[in-house]
Amino acid sequence: MMQEKYAPAEIEAKWQTIWAEQETFRLGKRPEAPKWYVLEMLPYPSGALHMGHVRNYMLGDVIARYQKMHGFEVVHPMGWDAFGLPAENAAIKDGVHPAKRTQENIGTIKAAMLALGYSYDWELEVNTSEPAYYRWNQWFFLKMREMGLVYRRFSRVNWCGESVDGSHPCFTVIANEQVADGCCERCDSRVVDREMPEWAFRITKYSQVLLDALDDLPDWPERIIAAQRNWIGRSDGAEIDFAVAGDEPIRVFTTRLDTIYGCTFVVVAPDSRAIRLATDAQRPAVRAFVAAAEAQSKAERTAEGAVKEGLFTGAYAVHPLSGARIPVWVANFVLSDYGTGAVMGVPAHDSRDFAFAAKFDLPIRRVVAPGDGSTEPEGAPYTEEGILMDSQEYSGKTSALARSEIAATLSARGQGKLAVTWRQKDWGFSRQRYWGTPIPIVYCDHCDPSREGISVPYEDLPIKLPEIETEKVLTGKGEPPLAKVPSWVDVKCPRCGGAAKREVETMDTFVDSSWYFARYLCPTHDKAPVDLAVTKRFLPVDLYIGGPEHGVMHLLYFRFWTRVMHELGLVNVDEPVRKLVTQGIVNGADGRKMSKRWGNAVPSTDLVNRVGADAARIYVLFAGPPERDFSWSDEQVEGALRFLRRVWNLARAFAPAEGAPVVDVDSPSARAQELRRTSHKTIKRVTEAIDRFSFNTAISAIMEMVNAVIAIKDPHQPGEVEQIQSSVRIVSQLLLPFAPHFANEIAQAYGATVPLEEQAWPTFDPSLVVDDVVPYAVQVMGKLRAEVLAPRTATEAEVRAIAEGDQKIQSALRGKVVKRLVFVPHRLVNFVV
RNA sequence: GCACGAGUGGCGAAACUGGUAGACGCAGCGGACUUAAAAUCCGCAGAUCGCUGAUCGUAUGGGUUCGACUCCCAUCUCGUGCACCA
């Protein structure tokens with residue numbers, strides 16, 4: 001018996017209980033069925049679930065339920081990216097231990113997710129801050145170290161350590177994202193570059209593979225593919241040696257080998273080599289220049305409008321082909337960690353070199369002319385390719401030809417070779433933080449005097465984070481937090497048993513999110529991170545949904561990690577995800593991205609309390625296509641609720657008596673037949689719309705069908721009530737992915753004995769989705785003049801005859817000669833006069 | 001600077017491989033029911049004009065085509081990512 005008024009709160013609680021009791025979403029119930037793995041990026045458990053999250057998880061939930069109705073064994077897990085900075089920073093402020101805060105937040109968010117009716121299998125839940133999870137990060141670390149994929153290096157990092165106006169620096173390495181205008185986001189101290197030892201993954205070993213495999217990801221968004229290509233940044237060029245008297249040659253990298261005769265100076269990065277190269281007279285000045293450049297933080301150096309500083313070293317190099325004497329400069333715009341850390345200056349054909357030459361009055365030598373005879377720009381560099389000139393035997397050749405010939409010459413003389421440079425760097429993952437995975441390394445002065453780090457034996461894993469007195473350890477000052485816990489730091493060396501110290505750094509949280517998708521499949525497995533027997537069945541992920549802001553970091557790291565897992569025999573796929581969908585940003589009412597930071601976040605609980613989960617779900621999906629941004633609008637929410645009420649009232653008005661049999665009527669009325677056709681057409685439309693992730697049009701198709709049902713007033717002719725009941729039943733099925741509590745409630749009132757999730761998705765009768773009579777648009781010279789109806793089977797001549805019989809067409813054609821007729825079956829005819 | 005998106009009514013949007021632009025919804029207007037309101041139901045609704053009809057209209061300018069939101073060229077605006085990357 002359906003209640004008179006649609007009461008979402010009751011219905012939603014009822015079905016959430018039924019799903020939990022019947023374990024509707026439990027994995028493992030369809031062992032014979034094909035699998036479908038739908039995954040949403042695991043959230044960082046911050047305070048509350050807001051509408052941005054709701055939308056993200058909705059997309060996955062629609063597909064999960066939809067594929068379940070298609071008979072798949074659906075994997076749909078959820079977990080927590082529980083380590084990370086916000087909890088630790090909050091702890092520094094208020095002394096609440098990150099674990100406690102994180103646990104509370106998880107409770108809040110999970111409750112909000114349950115209230116929305118998401119179809120997760122909570123048995124698969126993963127929490128990355130638990131030893132049962134992060135021990136495997138440590139295991140991976142050790143394995144990857146054995147594979148040569150983990151190493152220790154000195155690296156230039158962002159160091160928050162210089163007080164400004166009495167600020168209290170954090171004295172730690174911070175991520176690029178936390179640097180704002182050269183200052184620390186949290187304490188406003190100045191951020192400086194610092195050379196420090198750190199641990200790194202050798203991801204660049206996979207640069208080529210990761211780049212090539214992008215071609216095999218047809219179901220990833222173009223923009224993400226492009227972003228990754230960009231990030232990996234393969235650059236094909238050449239390395240050339242410029243000889244220097246009394247020193248090693250300067251090796252430069254260039255992509256424009258064809259312009260080599262235009263080289264009038266060489267520039268090296270401000271580092272120790274520049275000092276070494278300098279003549280005695282210039283050395284003090286160069287030393288000062290290098291010191292000044294190093295004092296500059298990365299932020300300052302790359303800031304908009306940063307000045308190009310340069311200084312002549314006094315030294316000269318020899319041009320490898322012309323033998324000319326080339327001055328060697330040092331400049332702040334040359335990066336020591338890209339290419340070879342030195343460039344050849346070709347002011348005539350590179351805009352930056354041009355500006356540099358102009359500023360320091362260096363000669364400009366043109367060696368490439370436009371190939372098409374167009375005039376060269378005056379007072380500006382010509383940066384296109386063309387025909388060489390003033391380049392000895394290469395003059396007159398095209399840029400492309402000259403490049404390969406010059407490369408061959410240099411290579412034969414041992415002065416250069418074709419070379420590839422990558423923008424992508426290795427992944428430094430050391431963090432001077434507490435709330436992360438401890439790095440399983442011990443330093444022993446006796447066994448390891450060079451401090452390479454001794455790997456902790458596998459059997460000692462997990463190395464658990466120590467219990468701490470939060471206020472004493474998480475201060476945001478001084479050494480890394482773990483260094484302040486002597487009981488944890490002081491250990492016995494695994495080799496000699498003598499006194500040793502633990503590594504006090506923890507891992508970047510991107511490590512956690514690099515393999516969680518595989519762990520979901522076997523969250524309690526304790527022999528290895530994952531079980532190949534299980535990952536074989538369920539990987540790759542069929543659909544991955546998340547924000548486009550993870551386009552390069554996370555989505556590249558986890559592609560890398562998947563390859564490592566394959567090599568370790570843990571999975572049998574190279575790529576983790578077949579199809580990727582990135583959803584648009586949800587903006588608050590103020591037009592800014594909805595987030596806690598701006599105070600414009602609408603918590604999901606507010607909305608669910610007000611209109612119910614189903615209306616909230618319909619609203620976020622109906623608002624627009626998933627990949628597009630949208631702004632929060634309160635009015636549209638009412639529309640979603642109104643729609644559900646309309647359906648409710650319709651369903652209630654025609655609900656069959658309990659146990660009443662479904663009757664087929666022999667000769668239904670024309671109206672009933674028409675409604676039947678509409679229903680089948682709608683099944684087709686909704687199915688196709690969901691298949692192309694057009695959830696807003698899927699919902700609009702259902703709305704249209706509901707409108708068509710409601711339009712039948714006073715149904716008393718044969719078969720009409722029966723057809724309406726049948727249509728309502730179809731509506732309930734089509735609504736399931738969008739408004740699952742509501743749909744189930746209606747279905748139950750119409751005789752369903754098991755949840756709709758366990759039933760099959762409705763199918764349509766192909767003969768019912770085509771009409772016998774179709775409308776034709778009639779155009780004259782491409783302009784719409786009339787509309788006529790013609791039988792579906794009508795020929796061109798027949799449709800023409802019908803069209804010509806139309807009054808408006810007759811007057812439009814009067815006095816004109818029809819030269820040609822364009823005929824598009826079932827669509828239009830166009831008279832060309 | 002490079003790369004990738006996006007620009008359609010008052011608003012969110014639709015139009016699938018070129019074929020009736022604006023479906024569906026929000027806000028709005030008119031009507032019914034009601035003592036009244038809410039809720040609900042029915043209807044209208046791109047703009048303009050000489051209003052039984054015609055003209056214009058998908059950021060702007062051009063092009064291809066019988067026909068262009070859709071394809072091509074150029075331009076503008078907004079968004080996102082990367083960026084002294086040689």
Side-chain angles (χ1 to χ4, degrees), chain A residues 5 221-231 233 235 237 252-256 259 267 269 301-309 331-335 337-346 350-353 355-356 383 421-424 548-549 551-552 582 584-585 618-619 622-625 627-631 633-640 642-643 645-646 649 685 688-689 691-692 694 696-707 710-711 713 775-787 808 811 819-833:
Chain A
K5 281 214 157 160
E222 201 48 53
R223 60 197 290 221
I224 301 294
I225 299 279
Q228 294 212 351
R229 271 216 177 87
N230 231 311
W231 180 271
S235 191
V252 304
F253 175 79
T254 181
T255 54
R256 288 300 301 276
T259 65
V267 195
R301 225 171 34 242
T302 59
E304 192 81 24
V307 200
K308 287 193 187 2
E309 300 292 353
N332 62 350
F333 68 84
V334 176
L335 309 173
D337 62 352
Y338 182 79
T340 60
V343 298
M344 62 178 200
V346 185
D350 179 274
S351 42
R352 195 194 42 209
D353 293 347
F356 193 77
T383 56
T421 288
W422 305 86
R423 210 195 65 85
Q424 183 179 35
E549 67 274 19
V552 281
T582 51
I585 294 164
I618 295 266
Y619 162 68
F622 188 62
E627 63 282 1
R628 204 179 295 185
D629 295 354
F630 87 90
S631 294
S633 144
D634 223 42
E635 293 86 23
Q636 295 269 353
V637 175
E638 296 300 324
R642 196 175 304 159
F643 166 62
R645 273 203 211 105
R646 248 164 97 79
N649 293 339
R685 284 173 68 192
E688 289 171 355
D691 284 340
R692 40 172 231 275
S694 183
N696 53 335
T697 60
I699 293 169
S700 80
I702 301 171
M703 287 174 169
E704 283 185 61
M705 173 168 165
V706 168
N707 289 345
I710 290 173
K713 301 290 169 194
Y776 270 85
V778 184
Q779 299 179 335
V780 176
M781 286 305 283
K783 279 194 192 298
L784 182 70
R785 293 299 169 192
E787 239 176 82
K808 293 174 198 156
S811 60
K819 279 198 282 194
R820 184 152 88 83
L821 186 76
V822 180
F823 176 73
V824 183
H826 310 137
R827 284 206 181 271
L828 61 71
V829 285
N830 184 11
F831 292 91
V832 182
V833 296

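Just the heavy atoms: all of them, side chains too, but no hydrogens, waters or symmetry mates, feed the values below. Naming convention: chains lettered A, B, ... in sequence-line order (proteins, then strands); numbering from 1 in each chain.
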Pick base, sugar-phosphate or nothing for A:Lys5, based on heavy-atom distances below 4.0 Å to the nucleic acid.
nothing
Taking only side-chain N and O atoms of A:Arg642, does any of them lie within less than 4.0 angstrom of OP1 or OP2 on B:G25?
no
Check every strand shown and say whether A:Pro221 touches a base, only sugar-phosphate, or nothing at a heavy-atom separation below 4.0 Å.
nothing
Could you check if a side-chain atom of A:Phe253 sits within less than 4.5 angstrom of a side-chain atom of A:Val343, using non-hydrogen atoms only?
no
Return the 5'-most residue of the pair A:Pro625, A:Phe333 with respect to RNA chain B, ranking by each residue's nearest nucleotide.
A:Pro625
Can a donor-acceptor pair be found, under 3.5 Å and without considering hydrogens, that links the side chain of A:Asn830 to the backbone of A:Val822?
no
Across all strands, who's sitting opposite B:A47 as a Watson-Crick or G-U wobble pair, both distances under 3.5 Å?
B:U55
NA contact type, A:Arg827, heavy-atom cut-off 4.0 Å: base, sugar-phosphate, or nothing?
sugar-phosphate
Roughly how far apart are A:Arg642 CZ and A:Gln636 CD, rounded to 0.5 Å?
10.0 Å
Can you check B:G67 for me, syn or anti if syn means within 90° of 0?
anti
Quote, to the nearest angstrom, the C1' distance that separates B:C76 from B:A59.
8 Å
With C1' as the reference atom in both, quote the distance from B:C24 to B:G9 in angstrom, rounded to an integer.
15 Å
OP1, OP2 of B:C85 versus side-chain N and O of A:Arg352: anything below 4.0 Å?
yes
Ring-plane angle category for A:Tyr776 and A:Phe823, please: parallel below 30°, perpendicular beyond 60°, tilted otherwise.
parallel
Looking at B:U20, B:G19, B:A15, which one has an atom nearest to any side-chain atom of A:Val824?
B:G19
Apply the test side chain to side chain contact (heavy atoms under 4.5 Å, CB included) to residues A:Met781 and A:Val832: give CA-CA distance (whole Å), side-chain angles for both, the deciding distance (0.1 Å), then the verdict.
CA-CA 5 Å; A:Met781 286 305 283; A:Val832 182; 4.0 Å; yes
Is there a Watson-Crick or G-U wobble partner for B:C71 with both distances under 3.5 Å, and which nucleotide is it?
B:G63
Side chain of A:Leu335 only, heavy atoms from C-beta on: which candidate in B:C85, B:C24, B:G12 is closest?
B:C85
Output the rounded distance in Å from CD (A:Glu627) to P (B:A13).
11 Å
B:G10 and B:A47, which share atom name C1', separated by this distance in whole Å
13 Å
Side chains of A:Thr582 and A:Arg223, heavy atoms from C-beta outward: is any pair under 4.5 Å?
yes
Any side-chain to backbone donor/acceptor pair from A:Gln228 onto A:Gly551? Under 3.5 Å, distance only.
yes
Separation of A:Arg256 atom CZ from B:A86 atom C1', in whole Å?
11 Å
Sugar-phosphate only, base, or nothing, as touched by A:Asp629 at under 4.0 Å among non-hydrogen atoms
sugar-phosphate
Is any side-chain heavy atom of A:Met705 less than 4.5 Å from a side-chain heavy atom of A:Arg685?
no
Ranking B:G25, B:U20, B:U55 by distance to the side chain of A:Gln636, first place goes to B:G25
With C1' as the reference atom in both, quote the distance from B:U80 to B:G31 in angstrom, rounded to an integer.
49 Å
Let me spell it out: for each of A:Thr697 and A:Pro775, pick the nucleotide of RNA chain B with the closest heavy atom. Which residue's pick is nearer the 5' end?
A:Thr697
Here the distance between atom P of B:U65 and atom CD of A:Gln779, to the nearest Å, is 17 Å
Output the single nucleotide from B:C4, B:U20, B:G12 whose closest atom is nearest the side chain of A:Ala623.
B:G12
Is the phosphate of B:C56, meaning OP1 or OP2, less than 4.0 Å from a side-chain N or O of A:Lys783?
yes
With rounding to the closest Å, how many angstrom separate the C1' atoms on B:A21 and B:A68?
11 Å
Counting only side-chain heavy atoms from C-beta out, which of B:G12, B:C24, B:A86 sits nearest to A:Ser700?
B:C24
Answer with base, sugar-phosphate or nothing: what part of the nucleic acid does A:Gly551 contact at a heavy-atom distance below 4.0 Å?
nothing
Please give, in whole Å, the distance from B:C11 C1' to A:Phe630 CZ?
14 Å
Is the phosphate of B:A14, meaning OP1 or OP2, less than 4.0 Å from a side-chain N or O of A:Asn696?
yes
Nucleotide B:A6, atom P - distance to CD of A:Glu222 in whole Å:
11 Å
A:Asn707 near the nucleic acid: base, sugar-phosphate alone, or nothing, with a heavy-atom cut-off under 4.0 Å?
sugar-phosphate
Within less than 4.0 Å of OP1 or OP2 of B:A14, is there a side-chain N or O belonging to A:Arg628?
yes
Between B:G25 (P) and A:Arg645 (CZ): distance, integer Å
16 Å
So which nucleotide from B:C4, B:C24, B:A86 ends up closest to the side chain of A:Val343?
B:A86
Under 4.0 Å between a side-chain N or O of A:Arg423 and OP1 or OP2 of B:A3?
no
So A:Asn230, base contact, sugar-phosphate only, or nothing? Heavy-atom distance under 4.0 Å.
base
Which nucleotide, in any strand shown, forms a Watson-Crick or G-U wobble pair with B:A21, with both distances under 3.5 Å?
none
The glycosidic conformation of B:C16, counting syn as within 90° of 0 and anti otherwise, is anti
Distance, rounded to the nearest Å, where A:Leu784 contributes CG and B:G22 contributes P:
10 Å
I would like to know whether A:Phe643 and A:Phe622 meet side chain to side chain contact (heavy atoms under 4.5 Å, CB included); could you show each step before the answer?
CA-CA 11 Å; A:Phe643 166 62; A:Phe622 188 62; over 6 Å; no
Taking B:C66 as the reference, what is the distance to B:A74 when you measure between their P atoms (whole Å, please)?
24 Å
Classify A:Arg685 by what it touches in the nucleic acid, base, sugar-phosphate, or nothing, heavy-atom distance under 4.0 Å.
nothing
With sugar-phosphate meaning primed atoms plus P, OP1 and OP2, does A:Val334 contact a base, only sugar-phosphate, or nothing at under 4.0 Å between heavy atoms?
base
Assigned partner base of B:A38, Watson-Crick or wobble definition, under 3.5 Å
none
In Watson-Crick or G-U wobble terms, with both distances under 3.5 Å, the base opposite B:C4 is B:G79
Protein-nucleotide distance (A:Lys713, atom NZ; B:A32, atom P), rounded to Å
17 Å
Does B:U20 have OP1 or OP2 under 4.0 Å away from a side-chain N or O of A:Tyr776?
no
Quick one: label A:Lys819 by what it contacts on the DNA or RNA (base, sugar-phosphate, nothing), any heavy atom closer than 4.0 Å.
nothing
Say you pick atom P in B:A37 and the same atom in B:G30; how far apart are they, in whole Å?
13 Å
Span that lies between the P atom of B:U64 and that of B:U70, in whole angstrom:
15 Å
Between A:Asn707 and A:Arg646, is the side chain to side chain donor-acceptor pair (under 3.5 Å) condition met? List the steps.
CA-CA 9 Å; A:Asn707 289 345; A:Arg646 248 164 97 79; 2.5 Å; yes
